[in-house]
**Student:** 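A single structure is presented below for examination.
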Amino acid sequence: MKKVATRFAPSPTGPLHIGGVRTALFNWLYSKNKSGNFYLRIEDTDKERSKQEHKIQIINSLKWMGIEHNGEEYIQSEMIGEHITIAERLLENGNAYKCYCSAEEIEEQKKRAKQKKIPYVYNRKWRDISENQAPRDIKPVIRFKSKIEGTSLLKDLVQGNVEIENNTIEDFVILRNDKTPTYNLSATVDDHNMEVTHIIRGDDHKINTFKQIQIYEALGWDIPQFAHIPLIHTIDGKKLSKRDNASTLEDFSKIGILPEALRNYLLRLGWSYKDKEIFNLEESIKLFNLEGIGKSPSKLDMSRILSINEYYIKDSDEKVLFKKLKEYCKIYKEKIKEEKENTIKSSLTFLKNKAKTLEDIFNNSKYILNDKVVFNENDKVLINDEAKKIIYLFKDKTSKLEVFNRENLEQILNELIKSNNTNFKGVGQPLRIMLTGSKFGPGIYDIILSLGKKEVIKRLENIG
RNA sequence: GGUCCCUUCGUCUAUCGGUUAGGACACAUGGUUUUCAUCCAUGAAAGAGGGGUUCGAUUCCCCUAGGGACCGCCA
């Protein structure tokens with residue numbers, strides 16, 4: 001048995017979106033599960049559209065998700081020479097031929113097919129014409145001599161047996177008239193050279209597989225296993241596209257989604273293991289298999305992502321969570337001041353219970369982060385004369401407090417409730433507004449204790 | 001239009017011929033809570049339709065409908 005090798009082969013013609021990330025994840029997980037290798041191949045043979053920035057974005061995305069590839073990135077454009085050699089070999093062996101049709105000629109055929117509403121398949125014009133009839137002024141393309149008779153069977157690890165009539169596969173171009181190889185040739189040659197054993201990729205490549213298998217056969221190469229996973233659809237049921245709304249990882253990271261949460265979500269999108277919902281990394285690797293992949297496309301569900309993220313935030317160790325929050329604030333919000341770090345760190349125990357995202361934690365931390373209270377105008381009006389009286393009394397009693405702890409604070413609050421003939425809300429709400437600027441937020445004792453005596457008194461003195 | 005694929009609660013899914021069709025998210029209601037949340041409890045919610053096969057079909061087969069992917073000298 002050969003060692004399992006999988007690969008992820010994106011083209012840097014656009015930013016990597018969440019669907020691509022899932023494909024990468026499945027490949028990576030599968031290789032890990034089988035103690036094999038996982039490679040990254042950048043398919044940058046489309047010179048016009050390939051962009052360095054996209055390549056960087058792809059690599060960073062995978063890094064953010066913790067998906068690491070073995071060895072260096074494999075750059076497809078560096079292997080073009082190899083692809084051309086193979087195309088020539090195919091030509092010599094009679095598995096391919098030169099086609100002298102002009103671009104206009106092909107265009108015309110397609111147009112006619114469309115008018116007649118019949119499917120366009122290249123008419124194999126040059127398949128059997130001898131080359132000495134070739135027009136001088138046209139540079140030929142090389143086409144693969146596809147099977148015409150019979151059927152082909154793909155034993156797909158996800159889709160099951162898929163059978164297709166050979167004559168629906170046209171004689172596809174493998175080398176353009178500028179001598180550059182096309183996708184099906186390049187991908188096949190690279191997969192063979194990289195000794196890829198399992199090709200796990202999107203459903204949209206299924207038809208290509210029949211072309212690629214014929215190339216493997218013509219060359220006498222081992223054919224890898226294929227697993228075509230269903231695509232992720234947008235909420236209105238269409239394929240995720242690089243062009244329109246497709247979400248990139250940045251879209252998620254900037255609202256404070258944790259990579260492990262997204263990994264868990266993506267794992268469960270189209271794959272399942274019994275009723276299990278939460279998979280840590282170790283379990284993901286141990287339990288992942290191809291059998292658990294469903295055959296129908298699935299839709300992205302933001303509320304589920306948020307919910308899983310909430311789970312991971314609550315489940316996080318506070319030290320680790322703080323590091324992530326710090327990094328997050330630095331990149332997307334504002335850097336946490338050094339003197340605030342300890343306060344934030346110790347407040348995470350209660351802050352994280354109110355948050356679905358890192359952004360939520362940031363928002364709920366603003367009363368600590370900002371030196372000056374920023375008041376919500378709608379809430380500020382709740383500070384009426386009655387409230388001011390209570391705030392004054394609380395401030396007075398608190399300032400005399402020798403031991404600033406929850407027990408003593410509770411005592412003060414309880415006394416105030418009694419003596420002012422009010423309830424907890426009557427005391428708690430004005431205090432919260434004065435201390436944080438808003439009537440929403442963490443528990444009042446958490447707020448008071450996290451700010452500390454000095455700061456609490458300072459903020460209460462701020463009373464208009 | 002051709003080829004191929006898919007179809008269980010709104011969403012992600014479990015079930016591998018016999019279940020009151022299960023779970024999770026979302027939703028609704030109630031409880032805990034000074035607030036917003038959390039948390040807990042409860043509830044509503046599904047086998048596209050029609051034929052077979054079978055003692056019995058969500059499960060196997062066929063047809064219909066709906067949805068999707070592909071049909072490039074893009075990858």
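Numbered from 1 within each chain, the chains take letters A, B, ... in sequence-line order.
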**Student:** When you measure from the side-chain N and O atoms of A:Ser272 to the phosphate of B:A14, is any distance below 4.0 Å, counting only OP1 and OP2?
**Tutor:**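 A:Ser272 to B:A14 OP1/OP2: side-chain N or O found under 4.0 Å.
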
**Student:** Under 3.5 Å, is there an N or O donor on one side and an acceptor on the other linking the side chain of A:Arg268 and the base of B:U13?
**Tutor:** no

**Student:** Centroid distance below 5.5 Å plus an interplanar angle below 30 degrees: do A:Phe424 and B:U34 meet both conditions?
**Tutor:** yes

**Student:** Is it the case that A:Lys276 places NZ or CZ above or below the six-membered ring of A:Phe279, under 6.0 angstrom from the centre and within 45 degrees of the axis?
**Tutor:** yes

**Student:** If you look at every strand shown and take non-hydrogen atoms under 4.0 Å, does A:Val141 touch a base, only sugar-phosphate, or nothing?
**Tutor:**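 A:Val141: base contact, heavy atoms under 4.0 Å.
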
**Student:** When rounded to the nearest Å, what value does the distance between P atoms of B:A21 and B:U59 take?
**Tutor:**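 Each nucleotide's P atom is 15 Å from the other's.
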
**Student:** Hey, can you tell me if A:Phe288 and A:Trp271 have their rings parallel, tilted or perpendicular (30° and 60° cut-offs)?
**Tutor:** tilted

**Student:** Looking at B:C9, which nucleotide sits across from it as a Watson-Crick or G-U wobble partner, both distances under 3.5 angstrom, or is there none?
**Tutor:**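 WC or wobble partner does not exist here.
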
**Student:** Watson-Crick or G-U wobble partner for B:G1, using a 3.5 Å limit on both distances?
**Tutor:**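 By the stated definition (distances under 3.5 Å), B:C71 pairs with B:G1.
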
**Student:** Identify whether any heavy atom of A:Lys299 sits under 4.0 Å from a base atom; if not, whether one sits that close to sugar-phosphate; answer base, sugar-phosphate or nothing.
**Tutor:**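 Sugar-phosphate only.
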
**Student:** How would you label the contact of A:Pro442 with the nucleic acid (heavy atoms, under 4.0 Å): base, sugar-phosphate, or nothing?
**Tutor:**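 Counting heavy atoms under 4.0 Å across all strands, the contact made by A:Pro442 includes a base.
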
**Student:** Identify each atom pair where a protein N or O and an N or O of nucleotides 67-70 of chain B are less than 3.5 Å apart, giving names and distance.
**Tutor:**
from  : atom 1 : to       : atom 2 : distance (Å)
B:G68 : OP1    : A:Lys238 : NZ     : 2.3
B:G68 : O2'    : A:His233 : NE2    : 3.2
B:A69 : OP1    : A:Lys239 : N      : 3.2
B:C70 : OP1    : A:Lys239 : NZ     : 2.5

**Student:** Charged N to carboxylate O below 4.0 Å: is that the case for A:Glu318 and A:Lys352?
**Tutor:** yes

**Student:** Counting only side-chain nitrogens and oxygens, does A:Thr45 get under 4.0 Å of the OP1 or OP2 atom of B:A75?
**Tutor:**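 It does, given that an N or O in the side chain of A:Thr45 lies less than 4.0 Å from OP1 or OP2 of B:A75.
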
**Student:** What is the nucleic acid contact for A:Glu277, judged by heavy atoms within less than 4.0 Å: base, sugar-phosphate only, or nothing?
**Tutor:** base

**Student:** Which base sits across from B:A28 as a Watson-Crick or G-U pair, both distances under 3.5 Å?
**Tutor:** B:U42

**Student:** Nearest to the A:Leu269 side chain among B:A26, B:C12, B:C36, which nucleotide is it?
**Tutor:** B:C12

**Student:** Within the 4.0 Å heavy-atom criterion, would you say A:Asn177 contacts the bases, only the backbone, or no part of the nucleic acid?
**Tutor:** base

**Student:** Taking only the side-chain heavy atoms of A:Ile164 (C-beta and beyond), determine which of B:U34, B:C73, B:U3 contains the nearest atom.
**Tutor:** B:U3

